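No experiment lies behind these values; they were computed from the predicted model shown. Quick note: numbers below take in every heavy atom, side chains included, and nothing from hydrogens, waters or symmetry partners. First the proteins, then the strands, lettered A, B, ... as listed; each starts at 1.
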Amino acid sequence: MLAQVIVSGLAMGAIYALVALGHAFVWKTMNIVNFAAGEFVTFSAFIFVATFINGFNLNFLLAAFFAAAVMAALGAAFSRIVFARLQNQRVFVAIISTVGFGLFLKELARIIYGPQPLYYDGPFGQGAVSLGGVMITYQQILIFGVAITIMVGQYLVLRYSMLGKVMRATALDRETAALMGIPVNAVLAGTFAYACVLAAIAGILMAPLFFVTTEMGTLVGLKGFVAMIIGGFGSIPGAILGGLLLGFSENTAAFLISATYKDAIAFLVLLIFLVIRPEGLIPEANADRA
Amino acid sequence: MTVSMTARKVLLAVFLIALALPPFLGANSYVLQVLNLSFIYAIAALGITIATGITGLIVLGQAALMGVGGYSTGLTMTVLGWPWWLAMPAAIVITGLAGAGLGLLSMRIKGHYLAITTLALNEIFRVVVLNESWLTGGPFGLRDIPVLRVPMLGTTVSQQLYLPLLIIAVLIYALAIRMYGTTFGRRMRAIRDDDLAAETMGVNSRRVRVLAFVLCSIAGAIGGSLYVLTFGFISPNNFALFESIRMVLMVVIGGLGSIGGTFLGALVVTGLPEMLRGIETYYLAAFGLGTVVILLTVPRGMGVIADWVLAPWLPEARKSQADQPVKQFKAEDQEAEDARAVAVAERLRAEREARAKSAPAPEARGTLLSVENASKKFGGVVALKDVSFTVQQGEILGLIGPNGSGKSTMINAISGIAPITSGRIMLEGKEISGQPAWNVHAAGISRIFQNVRVWGSMTVLENVMIAHPATRDLDVLRSTFGARSANAAEDEARVAALEALSLVGIRHLADRPASDLSFGQSRLVEIARGIVNKPRLLLLDEPGAGLRGGLILELAEILKDLRDKGMTILVVEHRIKLVVEMCDRITVLNLGEKIAEGSAESVARDPVVVDAYLGGKVERRRPAKTPAPDMTGPANPITN
């Protein structure tokens, strides 16, 4: 039974890791934390299920592609119109602005798609395979597969492609990057769009696990941020590790101690980390000062 | 258009009277209930204004603090059977303690960490209340709590409580405004604008942060208590994360940092949805978007109106901002500024010469500051290596060296913002290394920064007043409630600040917001701020950087004037001409080590110093006859 709990915890952890990765990318390039990330997750789940699956009757891959594309466009626009202007604001102004935008996005989802929870079966239905006595659902396999593919692909791109070098250069020193002819604003918008695509994938993968509601992403966005903090503020491998660790400990503790306190556990983990190891598991050089 | 302060007082009175009228004009219970609710939220949201808007500590979990207050009141009344006048103070104490804990936490965590932590605590609070139903009633909440009754004010509860709630809210707001303009408010704003500068100017940031959180919690507790006493019912949903965000909205719509604006914001956020029943689907989305738009385009929000009306009770910065568009420093002002600087320099020089005729300057007496084997490491980088030197009473000691030689690190180490790794720093035999910056300031060491760090949102006068010792230890209660001694201390600080401003020749700028000043003027404000507490030792980190001719002249005269008055000065400066002209002795650092010490003349001759500046061995065929490098010549690398 415990193995079962750990597997589903890790599956949720992979989703936190995706959101945490988005947070880490945005932090590395723009030094702002997007408190609306969870609402991007919610919104993409609605677009995916309500518009592309139920509305246009597209198959899973096409629907996922379009949902990710819409979120990328939305993210790029938000980055250029709002986020870029928050750069020279005080930290608390920037944070409150993204909180406000999150509220807007959540309400927008409710206005467009209505308050009824949506149900989505997942591309492979609700079946499961048994692996040494542990039941792993098709959806969990999909989550692990997608998460691993994205993380490996992203590592290769960042490490070896010109695009990766351009992104890293912008993150390290924006002014110098601009002087070297890198279109910094486009890179920043692109990075934010990529963070939104990660949020969209999280939303798409989560949709079959729960009902799609306007509240589904809020806590996921915050827990993704918690995952980034415990992994190491702004650290890419830290975000992945932090996400998995958070999902694992949340589910295990809920199983062993108290299921009703499940949502509080992630935040208790955060408080413990802030006291014991505020720099996180894999500390990053340009982290926010705790 | 200028409207006199009296007219604004009348306007405020009219507004408050109008606000008091609804129950007497036969407004129905529903309208009164909505207004009651907005008064309650106005009080709770004021906590966010104090912590976030005024002190810059982000609080995204105010609803939980309100909930702690609400549940404390409700439980003590139902379980223990306490009357409301015991339950409410108990709730305030309990919540205040929670706030103090949060404040202590904020020592360690700032910015994003504090935001997510306060959000997290809000969520933890909700989950705990939801699950511990043996105590809290779980999702069904606490019911049948006795509500307040004031029979003579009407028949329904909403009628009876309308005036009491309004009066409590107005009183709390009046206190907040009073606090804003006195010493504690100044310290909070200084921490928000630039906490490092605040700490070096004697603000105990730890105490101010904790107290800001306590005040924030008290406001939340009062709001929560009143909610219970008005409605007789609470459930976890009343204090969920969403409620916290709604209160943040009130604060933002009211203009972040504006006290009066928060009141209007609470009225709008609570009242508007009720008035616009038909389009309620859209109002939250509109509020969310509105938050972003207001913060980015009109950050002062409804505070523009509120602060204009409340101007008679607010410090000058808000008055002038409310009256006239922010005045930018223009090029034509530059010449006038230069002329003024030259005039001040002339006056100071004349005074000094007159003094010199009557009484010669006193001789140096004894050691004031001694730096003993000070080392400073940043990770693997050694910024200071075993540096020892002394500063004598009454002298001007120059600290020079090429870029990266550790001069600024030395200044930061002495002033307590970058503690040394080993060694010690003594002021008149007392160790000051290891002390927090505000204690170093209290011991008599003041400083100015290389890149000016004035508190932009405060007036020039307020900037200088903060550093005055008379108001430094005044606690928030005494300064807010206006005890006679506190008022006297305020007056003393004001007079001293104006004197300091006169000395540097910018008294006429006293009521201007510091953000309006030119670079040179800001530097003069920093000097006034640095000397207002009559420090034993003044640390100057490149005071001449970025200044033009006239201001350089003025600066040199001001420093000499201060020295004549007995102040000891340690100055880091790149303009060798300035150094040679005003310093009695010079200490030279290179790559974190002291390489020379002595008079300007001897240091300039020292081959080690020349090598350090030129970056290598210099061929000197006849060292004995080589004239000292021309320290003022433009071709000499030292001056560039």
**Q** Looking only at side chains, do B:Gln62 and B:Arg246 share a donor and an acceptor under 3.5 Å apart?
**A**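 B:Arg246 and B:Gln62 do not have a side-chain donor-acceptor pair below 3.5 Å.
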**Q** Can you tell me which portion of B:Val127 sits under 4.5 Å from chain A's heavy atoms? Options are side chain, backbone, both or neither.
**A**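 Looking at B:Val127, backbone and side chain both touch chain A.
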**Q** Crowded around A:Phe211 CZ? As in, over 12 foreign heavy atoms under 6.0 Å?
**A**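 Result for CZ/A:Phe211: open.
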**Q** Counting only heavy atoms closer than 4.5 Å, note whether B:Leu295 contacts chain A via side chain, backbone, both or neither.
**A**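 Both parts, backbone and side chain.
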**Q** Can you tell if the side chain of A:Met12 reaches within under 4.5 Å of the side chain of A:Leu246, non-hydrogen atoms only?
**A**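 SC-SC contact between A:Met12 and A:Leu246 ruled out.
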**Q** Among B:Val128, B:Leu130, B:Val293, which residue has the highest count of heavy-atom pairs closer than 4.5 Å to chain A?
**A**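 So the answer, after comparing B:Val128, B:Leu130, B:Val293, is B:Val128.
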**Q** Any idea which of B:Ile124, B:Leu121, B:Thr117, B:Asn131 has the most non-hydrogen atom pairs under 4.5 angstrom with chain A?
**A**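 Of the candidates given, the most pairs with chain A belong to B:Asn131.
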**Q** Can you tell which part of B:Phe242 gets under 4.5 Å to a heavy atom of chain A, answering side chain, backbone, both or neither?
**A**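 Contact with chain A: side chain only.
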**Q** Under 4.5 Å heavy-atom distance to chain A, tell me which part of B:Asp193 shows up: side chain, backbone, both or neither.
**A**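 When you check distances to chain A, atoms from both the backbone and side chain of B:Asp193 fall under 4.5 Å.
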**Q** Using non-hydrogen atoms only, which part of B:Ile245 is less than 4.5 Å away from chain A: side chain, backbone, both, or neither?
**A**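 Side chain only.
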**Q** For chain B, which candidate among A:Thr98, A:Leu108, A:Leu86, A:Leu222 shows the most heavy-atom pairs at distances under 4.5 Å?
**A**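 Among A:Thr98, A:Leu108, A:Leu86, A:Leu222, the one with the most close pairs to chain B is A:Leu222.
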**Q** Go through the atoms of B:Leu241 and report whether side chain, backbone, both or neither lie under 4.5 Å from a heavy atom of chain A.
**A**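 Looking at B:Leu241, just its side chain touches chain A.
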**Q** Among A:Gln89, A:Arg85, A:Arg90, A:Lys106, single out the residue with the greatest number of heavy-atom pairs under 4.5 Å to chain B.
**A**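 The option with the most such pairs is A:Arg90.
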**Q** Which distance, rounded to the nearest 0.5 Å, do you find between the CE of B:Met247 and the CG of B:Leu60?
**A**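 Nearest 0.5 Å value for the CE-CG distance: 11.5 Å.
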**Q** Heavy-atom pairs under 4.5 Å with chain B: which of A:Ile96, A:Val226, A:Asp263 has the most?
**A**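 Most heavy-atom pairs under 4.5 Å with chain B: A:Ile96.
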**Q** Hey, would you say the A:Phe233 and B:Tyr113 ring centroids sit under 6.0 Å apart?
**A**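 Between A:Phe233 and B:Tyr113, the centre distance is under 6.0 Å.
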**Q** Is NZ or CZ of B:Arg126 both nearer than 6.0 Å to the six-membered ring centre of B:Phe239 and within 45° of the ring axis?
**A**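 Not flagged: B:Arg126 not positioned over aromatic ring of B:Phe239.
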**Q** Are B:Val248 and A:Val99 close enough that some pair of their side-chain heavy atoms sits under 4.5 Å apart?
**A**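 They are not in contact (no side-chain heavy atoms under 4.5 Å apart), so the answer is no.
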**Q** Hey, what do you get for CG (B:Asn463) to CH2 (B:Trp455), rounding to the nearest 0.5 Å?
**A**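 The CG atom of B:Asn463 sits 6.0 Å away from the CH2 atom of B:Trp455.
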**Q** Heavy-atom pairs under 4.5 Å with chain A: which of B:Leu114, B:Ile58, B:Leu289, B:Thr291 has the most?
**A**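 Winner by heavy-atom pair count: B:Leu289.
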**Q** Would you please say whether a donor-acceptor pair under 3.5 Å links the side chains of B:Ser205 and B:Glu199?
**A**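 Yes, side-chain donor-acceptor contact under 3.5 Å.
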**Q** Tell me if the centroids of the rings in A:Phe43 and A:Phe40 come within less than 6.0 Å of each other.
**A**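 No, ring centres 6.0 Å or more apart.
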**Q** Apply ring pair (Phe, Tyr, Trp, His ring centres under 6.0 Å) to A:Phe192 and A:Phe25, showing your working.
**A** CA-CA 8 Å; A:Phe192 198 89; A:Phe25 272 108; over 10 Å; no
**Q** Examine whether an atom of B:Leu249 lies under 4.5 Å from a heavy atom of chain A, and if so say whether it belongs to the side chain, the backbone or both; otherwise answer neither.
**A**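 Answer is side chain: those atoms of B:Leu249 sit under 4.5 Å from chain A.
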**Q** Select, from B:Gly56, B:Ala285, B:Ala286, the one with the greatest count of heavy-atom pairs under 4.5 Å involving chain A.
**A**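 Option with the top pair count is B:Ala285.
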**Q** For chain B, find its close neighbours in residues 71-84 of chain A: heavy-atom separation under 4.5 Å, sorted by number, or none.
**A**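 The stretch touches chain B at A:Val82.
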